[in-house]
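Numbers for residues simply follow the sequence, beginning at 1. Both counts, for ligands and for their atoms, begin at 1 and track the order of listing.
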Amino acid sequence: MNKKVVFSGVQPSGSLTLGNYIGALRNFGELQNEYDCYYCVVDMHAITVPQIAKDLRKRTLDVLALYIACGLDPEKSTLFVQSHVPAHAELSWVLNTVTYMGQLNRMTQFKEKSRKSDENLNAGLFTYPVLMAADILLYQTDFVPVGEDQKQHLELARDLAERFNNKYSETFKVPEPLIKEFGARIMSLQNPLSKMSKSDSDENAYILILDDKDSIRRKIKRAVTDSEGVVAYSDEQPGLKNLINIYSVLSSEDVETIVKRYESEGYGKFKEDLAEVVIAGLAPIQATYANLINSKDYLEKIYKEGADKAEYHAMKTLRKVYKKVGFIPRR
Ligand code: ATP
Ligand code: LTN
């Protein structure tokens, strides 16, 4: 029986946050028994914003180690680095030719990132979603687990798959997003109306998966709430709502239970307990990461084997695509 395919990617563009963990990594492991899973470290996406080469190399291994520390088993899932499989860039080129400029102009992430950048905009930032579509479509992916912010990019990938299929005959599986109802959008601790982002200039806005206990306690203590003074779960109290969401996901307790426990306590006690919940939730990941990151040979073996396996499947799709668009085969 052929298993359905899952694909997802994380950029090594900074240290991963609690948002990345709750919205993405945490959900990856649950899928690996039922599906044929590909989890990629998307280094080619990361260079759409300025990077220092030495740091990018380190962070690429960091993300790989974090994948494993978050429960991905290299025996079950294919873990690999995007730039090791050239088919990603190659398919991306072909897909560029069926993508409309207008579609890319409407991408919220592009609009936001270009607003923040004061340098000349690079074309890679603009065509970023096309590369993402290539990542997904190469593996005939059925499901893509991501956070809420990636929904629009997923829609583009579906659209490109359908357009290519209509133009050249059935070639790609049209993928579905897997976005959790709960925890798919963890908000900034300093501005609960914008998403927690690893590229935020204020380090109090995010908790990193690898933050130490004191930083976690300090950042949660400083998290922006409101002046209502009562622990409740409502859109009027977005800061608190976000903290309750984090508590709930990491403790596996439902929102109601949490609100009941703290409604007659102040925010102080709730925040203190939340910090301990976060520390306990991240501790096993941090411990495994610390072991792995010193095992360079092991990590190297994982990404080499992962790329070989990924490439085999990616090339099957790329060959089909090249044939359909009219490229003559080399042999
Ligand atoms: P940046 O925040 O720097 O723009 P990013 O964290 O969004 O980068 P990735 O590292 O590629 O970019 O994201 C990896 C995964 O984490 C994606 O599936 C994304 O949807 C998810 N994710 C990112 N931030 C959050 C968040 N605040 N809440 C939930 N999921 C998130
Ligand atoms: N754009 C994504 C990262 C990403 C991705 C993918 C996610 C690149 N390629 C393919 C899922 C599937 C982001 O989170 N910023």
Under a 4.0 angstrom heavy-atom cut-off, which atoms of ligand 2 come close to Phe7?
10 (C), 12 (C)

For atom 15 (N) of ligand 2, what is the closest protein heavy atom, and at what distance to 0.1 Å?
Tyr128 OH, 2.9 Å

What distance separates Arg217 CZ from Glu272 CD, expressed to the nearest 0.5 Å?
9.5 Å

Quick one: does Gly14 get a heavy atom under 4.0 Å from ligand 1?
no

Option nearest atom 15 (C) of ligand 1 (shortest heavy-atom distance, choices Ala46, Pro177, Ala24, Pro145)
Ala24

Please state which protein non-hydrogen atom is closest to atom 29 (C) of ligand 1 and give its distance, to 0.1 Å?
Ala184 O, 3.1 Å

For this output row, return yes or no: ring centroids of Phe80 and Tyr303 closer than 6.0 angstrom.
no

Ranking Asp135, Asp149, Val42, Leu137 by closest non-hydrogen atom to atom 9 (N) of ligand 2, top hit is Asp135

SB check Lys58 Asp62 (cutoff 4.0 Å)
yes

Exam field: side chain Tyr38 to backbone Val6, donor-acceptor pair closer than 3.5 Å:
no

Do Lys241 and Tyr233 form a cation-pi contact, if we require the NZ or CZ to be under 6.0 Å from the six-membered ring centre and within 45 degrees of the ring's axis?
yes

With a 4.0 Å cut-off on heavy atoms, is Gln109 touching ligand 1?
no

Can the ring centroids of His88 and Tyr139 be said to lie less than 6.0 angstrom from one another?
yes

When rounded to the nearest 0.5 Å, the distance separating CG of Leu193 from OG of Ser188 is 9.0 Å

Do Phe110 and Phe126 have ring centroids that are under 6.0 Å from one another?
yes

Among the heavy atoms of Asp149, does any lie under 4.0 Å from an atom of ligand 1?
yes

Distance alone, cut at 3.5 Å: any donor-acceptor contact between the side chains of Lys173 and Thr141?
no

Can you tell me which portion of Ser8 lies within the under-4.0 Å heavy-atom range of ligand 1? Options are side chain, backbone, both, or neither.
neither

Can you list the atoms of ligand 2 that are under 4.0 Å from a heavy atom of Ile136?
10 (C), 12 (C)

Between Asn291 and Thr288, a side-chain donor and acceptor under 3.5 Å
no

As an exercise, identify every atom of ligand 2 less than 4.0 angstrom from a heavy atom of Gln11.
15 (N)

Honestly, for Val10 the part within reach of ligand 2 (heavy atoms, under 4.0 Å) is neither

How far is atom 3 (O) of ligand 1 from the closest protein heavy atom, and which atom is that?
Ser199 OG, 3.0 Å

Distance alone, cut at 3.5 Å: any donor-acceptor contact between the side chains of Arg163 and Gln103?
yes

In this structure, atom 6 (O) of ligand 1 is nearest to the protein heavy atom Asn20 ND2, 2.8 Å

For atom 4 (O) of ligand 1, which of Gln11, Gln150, Lys113, Lys198 has the closest heavy atom?
Lys113

Looking only at protein heavy atoms, which one is nearest to atom 3 (C) of ligand 2, and how far off is it?
Gly9 O, 3.7 Å

Does ligand 1 have a heavy atom under 4.0 Å from the side chain of Met196, from its backbone, from both, or from neither?
both

As an exercise, identify every atom of ligand 2 less than 4.0 angstrom from a heavy atom of Val144.
11 (C), 12 (C)

Any nitrogen or oxygen of Ser8, side chain or backbone, less than 3.5 Å from one on ligand 2?
no

Numbered atoms and elements of ligand 2 in range of Val146, under 4.0 angstrom, heavy atoms:
7 (C), 11 (C)

With heavy-atom distances below 4.0 Å as the criterion, list the atoms of ligand 1 near Val146.
18 (O)

Pick from Ser197, Ser188, Gly147, Gly19: the one approaching atom 17 (C) of ligand 1 most closely through a non-hydrogen atom:
Gly147

In the protein, what heavy atom is nearest to atom 7 (O) of ligand 1, and what distance, to one decimal place, separates them?
Lys195 NZ, 2.5 Å

